[in-house]
Amino acid sequence: MIEKEDPVISEEEAAQYDRQIRLWGLDAQKRLRGSRVLLAGLGGLGAEVAKNLILAGVKGLTLLDHEQVSEESCRAQFLVPVTAQGQNRAKASLERAQNLNPMVKVHADPDRIEDKPDDFFLQFDAVCLTGCSRDLMIRVDQLCSKHNIKVFCGDVYGYYGYMFCNLGQAHNYVEEKPKVVKPSGESNDGPKAKKAKVDPNETTMVKKTASFCTLKEALAVDWTSEKAKAGLKRTPVDYFLLQVLLKFRTDKGRDPDPQSFPEDSQLLRQIRDDVLESLSLNSDLLNDDFISYCFSEMSPVCAVVGGVLGQEVVKRLTVFSR
Amino acid sequence: GWATPRPQGPLADSISTCKVLVVGAGGIGCELLKNLVLTGFKNIEVIDLDTIDVSNLNRQFLFQKKHVGKSKAQVAKESALQFCPSANITAYHDSIMNPEYNVEFFRKFMLVMNALDNRAARNHVNRMCLAADIPLIESGTAGYLGQVTVIKKGMTECYECQPKPAQKTFPGCTIRNTPSEPIHCIVWAKYLFNQLFGEEDADQEVSPDTADPEAAWNPEETAARATASDKDGDIKRVSTKEWARSTGYDSVKLFNKLFKDDIMYLLTMDKLWKKRKAPTPLDWHQLENSGMLSASPGLKDQQVLDVWGYCQLFQHSVETLRSQLQEKGEGAELVWDKDDPPAMDFVTAAANLRMHIFSMNMKSRFDVKSMAGNIIPAIATTNAVIAGLIVLEGLKILSGELESCRTIFLNKCPNLRKKLLVPCVLDPPSANCYVCASKPEVTVKLNVHKTMVLTLQDKIVKERFGMVAPDVQIEDGKGTILISSEEGETEGNNNKFLSDFGIRNGSRLQADDFLQDYTLLINVLHVEDLERDVEFEVVGEAPDKAPPPQTNQEEVNSITNGNKDSAQPSTSSKAVRRDLVLCQKLSSQADRCAQQISPE
């Protein structure tokens, strides 16, 4: 899947990527260099992820967004020039995105993601969805994980944000673990020496396999089951907030808008009640406080979520997977 | 950003009207500037003394290739203005330690945010913010790890409340006689550079150390060796630079002295090699004849050459550096810089030759550069997360919610509680902090007969206690001035010993830094003997080389990086002192979060 056309990193790349090569190594950098990524949604979070992936040095990044640049868009993200109102958001972000790193092939696609056929997604090694509807994310997630394409989702709502990733049913990876020093046969060192010790300085690479659940499964937990009820206490309440916000997006075709604060607040309250009821959960599980904090994409929150999400994509693209 | 209409209320007003200062326009600084502008901050000042280097471009996204060589602060400002042309950004291409940036300057701001990479500047800004009583958000990143914390006078610990361990130094005899790790050879090679081409430093000797106590079969022998015979005296009396100059910087002569003659001398100190593998001297002409050309494909820097390859690299770099010196003229000195190719080549070659002599596997230029240049790996995402957290803490401060501020640690992987970001409650100021306590005081152990005033000034008051332009007087009833910040005034005292001024056990010195508005009382504890290579010790702290003592309730792990060079940027001619301190605290208190950094 990941191309290996040119195994040699050029001197130019070595100079520019020096500080990250010193962190994750040359092989990882080469794998990044062969990776093609799709990024849907160029809002605040999307712009952060775009920046992070372009700086990391992927082979290609496709910016997919059908939205038009509004007055707020210019203030919400840093790739769109203040003069670009009315233009397509992906196309308006292209120039600055490309300038972040000329060695990455950045492409802008103004289409609606809902209109894309299945095989559109298959040309990528990883797909990252922001600002997408619940149904679309579930569809893409299902399609991609079937084809071993890594799926990442994320959104920011005011002070809140989330990320999700699905690396398939049988994701092989290699993990660094501290070496366990087995005790020798002699007992002259005393009883302590008989215990296996962990040497923090020596690490060994261990092959592992992980199985990820689909987005559909993650969002469709049955909270009435005994197992789920037991896990409820440890489940961050933000999970339910996410359900509310995704429903809002499905119902209204947009996210809560400060310009419609009173109506949207009312609707959020209503959706919260409906969602919790449909899940057979107590209505005071999620109180009203969230309402004032979930409007628009807060820039520092986009930076944090975009950083974590971006790094997760980079990590999964560079992991040794056979 | 905030979609229109912007939220009403005092916070929004604060954001758009207040003045904030960003110290540093590098990895964290670029991300921070972007966040501030998009969040709606309108009055931002940014300061950085550095210029843009190509290795910055993987993360300092406000810079492009065409900007290499230009001022970071200036270009950062221009790029950030593109996001919001109506923002008011002032850029200073300058050092924050410049006296121009006095307490008055700092008082202009509601908030100061550090985006620094060295301890000296952090100490300084810490003191300025204490003096001006302005909240300071401190942060740092290294690889995947990061940390943010808030410092508010009287409410929280200051940056210097918890003693941070000084960088690791190696004993002189390890460097000069018995290296056992590549880093010893690299440090030796850097010393050699200074001895040959740069500022000669008595603490950076490269010749065999005849007074090495390990070399002596009995204590009396050490003393005898220390006073040196005529033969040894020759090696000592003529400085390395003078000797090199006398040979015309002949690379083969230099090679044979450093890698053959001096090694043969070390071999005569046979006790050193009783339990260690003895070094094997190299001979230029022998190697010349057996040398093979080995060029492999791939990145040049990643290759490990054979011995003859490093002989040639040594010769080539010596010749280039010799020309550089000549060009600069009489009395010229070069300053080592990892980004100066011949300087880096020289250290790579010399270190590798020494490694080979001492039976260590040689290393690529890439690896040597990491160690010699104290390079900290860095990526965009870690800086992005930390800069986001800085603004979020800043918003709490502007809302008057200081109690909700936290120290936040960014892990590489989620901890046992599945947390990647771990907040910890801020600690109150330390009662005996030698910076922020009401009457700061320390006790310093030293030998008053052997410590010069210059050492007190440079190594103790400036380097150890972070003063930039100190005045030191003796509390002897006469207020005798030992050190004046006015240039030239007390130069005559530099080479005198403290005892010459009547300083003895129990004497008290008052050190002031006017700019930092900081006074420190130093109690002198006279001792005859200190550990080898140690000039002074601060009482109440573990010696420099050992980690700080661990108490039951707190375990402080820190990751530090840095070298002894002063805080200068890598793109100027002096080496940068990278110092990122990440502290984790483990506490049994229920309201704190347990944190671990594991290799996973």
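For the numbers below, each heavy atom of this structure counts, side chains included, while hydrogens, waters and symmetry mates do not. By convention in this document, chain letters (A, B, ...) are assigned in the order of the sequence lines, proteins followed by strands, and residues within each chain are numbered from 1.
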Test side chain to side chain contact (heavy atoms under 4.5 Å, CB included) applied to B:Lys412 and A:Lys315, step by step
CA-CA 11 Å; B:Lys412 179 178 175 181; A:Lys315 179 168 116 187; over 6 Å; no

Where do A:Arg96 and B:Gln82 land on the side chain to side chain contact (heavy atoms under 4.5 Å, CB included) test, with the steps shown first?
CA-CA 11 Å; A:Arg96 285 191 191 166; B:Gln82 306 236 308; 3.7 Å; yes

Stepwise, does the side chain to side chain contact (heavy atoms under 4.5 Å, CB included) test hold for B:Lys34 with A:Lys51?
CA-CA 12 Å; B:Lys34 173 253 300 166; A:Lys51 159 184 60 84; 4.2 Å; yes

Pair A:Leu23, B:Ile379 - check side chain to side chain contact (heavy atoms under 4.5 Å, CB included), show working.
CA-CA 8 Å; A:Leu23 185 63; B:Ile379 52 177; 3.8 Å; yes

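Defined by atom type and a distance below 3.5 Å, a donor-acceptor pair is missing between the side-chain atoms of A:Gln16 and B:Asn58.
Contact annotation: the side chain of A:Asp18 never approaches that of B:Val54 to less than 4.5 Å [non-hydrogen atoms, C-beta and beyond].
Between A:Ala303 and B:Ala384, the shortest heavy-atom distance links the atoms CB-O, 3.7 Å. Pairing each heavy atom of B:Leu38 with each of A:Ala76, the nearest pair is CD1-O, 4.1 Å. The nearest pair of heavy atoms linking B:Gly388 to A:Pro300 is O-CB, 3.4 Å.
With a 4.5 angstrom heavy-atom cutoff, B:Leu62 does not touch chain A via any of its atoms. Using a 4.5 Å cut-off between heavy atoms, A:Arg234 makes no contact with chain B at all. Contact of B:Tyr144 with chain A is made through backbone and side chain together, with heavy-atom distances under 4.5 Å. For a residue to count as touching a neighbouring chain, one of its non-hydrogen atoms must lie under 4.5 Å from one of that chain's; by this rule A:Ser70 does not touch chain B. For A:Leu26, the part sitting under 4.5 Å from any heavy atom of chain B is the side chain, from C-beta outward, and nothing else. For chain A, the nearby part of B:Leu420 is the side chain; its heavy atoms alone come within less than 4.5 Å. Heavy atoms of A:Asn101 lying under 4.5 Å from chain B are absent altogether.
Summarising the geometry, atom CG belonging to A:Leu55 is positioned 9.0 Å from atom CG belonging to B:Leu57; distances are rounded to the nearest 0.5 Å. The structure places CD of B:Gln64 at 7.5 Å from CG of A:Leu100, a figure rounded to the nearest 0.5 Å. Here the NZ atom belonging to B:Lys66 is positioned 6.5 Å from the CG atom belonging to A:Asn99, to the nearest 0.5 angstrom. Atoms CZ and CG, on A:Arg19 and B:Asp53 in that order, are 7.0 Å from each other to the nearest 0.5 Å. To the nearest 0.5 Å, atom CZ of residue A:Phe78 and atom CZ of residue B:Phe61 are 5.0 Å apart.
Taking chain A as the reference chain and counting heavy-atom pairs below 4.5 Å, the highest number among B:Pro85, B:Ser79, B:Ser55 is found for B:Ser55. Contact count versus chain A (heavy atoms, under 4.5 Å) is highest, among B:Ser370, B:Gly298, B:Cys84, B:Ala380, for B:Ser370. In terms of heavy-atom pairs under 4.5 Å with chain B, the best-connected choice from A:Ser10, A:Gly310, A:Ala15 is A:Ala15.
Within 6.0 Å of NZ in B:Lys396 there are more than 12 heavy atoms belonging to other residues, nucleotides or ligands. Heavy atoms from other residues, nucleotides or ligands lying under 6.0 Å from OH of A:Tyr239 number more than 12. Remark: B:Glu181 CD is packed, more than 12 non-hydrogen atoms of other residues, nucleotides or ligands lying under 6.0 Å away.
The closest donor-acceptor contact from the side chain of A:Arg22 to the backbone of B:Phe366 lies under 3.5 Å.
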